[in-house]
Amino acid sequence: MSIVTIRNVEFLNNPARFLDPYHFRVTFECIAALKEDIEWRLIYVASPGNAELDQELDDCLVGPVPVGVNAFEFEGSPPSAQSIPPEDVLGVAALILTGSYRDQEFVRVGYYQNTEYDNEEMKLAPPEKIQFEKLVRDISAKPRVTRFQIKWDVAPQSETVTAAGAANSAAVPSANDLEGDDATTEHQSNGTSTS
């Protein structure tokens, strides 16, 4: 079972110019307080057949992460135009958001990104040399989510001695277990939290 589940990723500037930064908001739920930060990374994949050309656009640490629904805004740099082969600039590429805890990736959210010129004339007859300032990107609204099982550092509940006849009773949470269940905390990409 995953301790952290992504509820929503909202792109705040989509569609946008190709050279604009990516700006989005991630909302996730955490069912147990985590001892360490979660690392989020944004990766641009221009050439699926060549992982060496993948570009990590940005990363951030979010934490401490309390129990409940949490959200943060993430701004990532655009891909380096010089690192993309000219034949892979136009058309479909992939944008991947990963979440890791203690160097273990637990989720990968992938989006298709379509890149094209901003006017019909250039779409029909693209110039020989790519004009990046005239390109626009559009990220699909349907992500592909892959989850991975990892070792979370949440301590299992300790064993308790039960009285005779209580063996079939449901466990009753303590007041400490209930604290903060409905709280929503927002985290900025620098790791600080606000309420």
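A quick note: this is a predicted structure, and the numbers were derived from the prediction, not measured. Only heavy atoms go into these numbers, but all of them, side chains included; no hydrogens, no water, no symmetry mates.
- Note: Q55 CD to I84 CD1 = 5.5 Å, rounded to the nearest 0.5 Å.
- You'll find the side chain of V107 reaches within 4.5 Å of the side chain of V145, heavy atoms only.
- Listed by first then second residue, pairs satisfying ring-ring contact (aromatic ring centres under 6.0 Å, His included) with a partner in residues 107-136 read F11-Y111, F18-F132, not counting sequence neighbours.
- A salt bridge is defined here as a Lys NZ or Arg NE, NH1 or NH2 lying under 4.0 Å from an Asp or Glu carboxylate O, and R41 with D58 fails to meet this definition.
- Minimum heavy-atom separation, G76 to L42: CA-CD2, 4.3 Å.
- Inter-residue side-chain proximity for D37 and V65 is flagged as unmet; no heavy-atom pair is nearer than 4.5 Å.
- L53 places a side-chain heavy atom less than 4.5 Å from the side chain of P85.
- Residues L95 and I43 form no side-chain contact, since every pair of their non-hydrogen atoms from C-beta on lies 4.5 Å or further apart.
- Q131 has its side chain within reach of M122: a pair of non-hydrogen atoms, C-beta onward, lies under 4.5 Å apart.
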TODO: Run the numbers on K123 and D118 for salt bridge (Lys or Arg N to Asp or Glu O under 4.0 Å), then give the verdict.
DONE: CA-CA 8 Å; K123 285 179 190 177; D118 62 2; over 6 Å; no

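- A salt bridge between E10 and R25 is absent, with no side-chain N of the basic residue lying under 4.0 Å from a carboxylate O of the acidic one.
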Open item on the list: Using the rule given for side chain to side chain contact (heavy atoms under 4.5 Å, CB included), can you reason through Y22 versus S77, listing the C-alpha separation, both sets of side-chain angles and the distance that settles it, and then say yes or no?
Closed with: CA-CA 6 Å; Y22 294 91; S77 303; over 6 Å; no

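- At distances below 3.5 Å, at least one donor-acceptor pair connects side-chain atoms of N70 with backbone N or O atoms of G68.
- Q113 contributes atom CD, which lies 5.0 Å from atom CD1 of I139 (distance to the nearest 0.5 angstrom).
- Counting heavy atoms from C-beta outward, D138 and N14 have side chains that approach closer than 4.5 Å.
- In this structure, the side chain of Q104 engages the main chain of K151 through a donor-acceptor pair within 3.5 Å.
- Counting heavy atoms from C-beta outward, S100 and I38 have side chains that stay 4.5 Å or more apart.
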- [ ] Evaluate ring pair (Phe, Tyr, Trp, His ring centres under 6.0 Å) for F106 paired with F148, printing each intermediate quantity in order.
- [x] CA-CA 5 Å; F106 64 88; F148 305 98; 9.2 Å; no

Open item on the list: Under the criterion side chain to side chain contact (heavy atoms under 4.5 Å, CB included), I'd like the reasoning laid out for V136 against T115: C-alpha separation, chi angles, the key distance, then a yes or no.
Closed with: CA-CA 6 Å; V136 291; T115 303; over 6 Å; no

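- Within the model, atoms OG of S47 and CD of E87 stand 7.0 Å from one another, a figure rounded to the nearest 0.5 Å.
- In terms of heavy atoms, N13 sits closest to A16 at O-CB, 3.2 Å.
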TODO: Go through the steps to decide whether L97 and F24 satisfy the test side chain to side chain contact (heavy atoms under 4.5 Å, CB included), and finish with yes or no.
DONE: CA-CA 11 Å; L97 175 67; F24 54 98; 4.0 Å; yes

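- There is no path of hydrophobic side-chain contacts, each under 4.5 Å, that joins Y44 to V92.
- For the pair R137 and D20, the salt-bridge criterion is not met [side-chain N within less than 4.0 Å of a carboxylate O].
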TODO: Before giving the answer on side chain to side chain contact (heavy atoms under 4.5 Å, CB included), spell out for I96 and R108 the whole-Å C-alpha distance, their side-chain angles and the decisive distance to 0.1 Å.
DONE: CA-CA 7 Å; I96 299 172; R108 180 175 283 226; 3.4 Å; yes

TODO: Step by step, work out the ring pair (Phe, Tyr, Trp, His ring centres under 6.0 Å) result for W40 and F28.
DONE: CA-CA 12 Å; W40 299 94; F28 64 96; 5.6 Å; yes

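- Side-chain atoms of L135 and I130, non-hydrogen and from C-beta on, do get closer than 4.5 Å to each other.
- The minimum heavy-atom distance linking D88 with A46 is given by the pair CB-O, 3.8 Å.
- One hydrophobic cluster holds both V89 and L57 under the rule that ILVMFWY side chains link at heavy-atom gaps under 4.5 Å.
- In this structure, N119 places its CG atom where more than 12 heavy-atom neighbours from other residues, nucleotides or ligands lie under 6.0 Å away.
- In this structure, the side-chain contact (heavy atoms from CB on, under 4.5 Å) partners of A32, at least two apart in sequence or on a different chain, are I3, V154.
- Residues L12 and V9 are members of separate hydrophobic clusters, defined by side-chain heavy-atom contacts under 4.5 angstrom among Ile, Leu, Val, Met, Phe, Trp and Tyr.
- Using modelled atom types, one side-chain atom of S2 and one backbone atom of V4 make a donor-acceptor pair closer than 3.5 Å.
- Within the model, atoms CG of N114 and CD of E116 stand 5.0 Å from one another, a figure rounded to the nearest 0.5 Å.
- In this structure a side-chain-to-backbone donor-acceptor pair under 3.5 Å is missing from E105 to T98.
- Every residue meeting the ring-ring contact (aromatic ring centres under 6.0 Å, His included) condition with Y101, not counting sequence neighbours, appears here in chain and number order: W152.
- A continuous path of hydrophobic side-chain contacts links I6 to I31 [ILVMFWY only; heavy atoms under 4.5 Å].
- In E133, the CD atom is crowded: over 12 heavy atoms of neighbouring residues, nucleotides or ligands sit closer than 6.0 Å.
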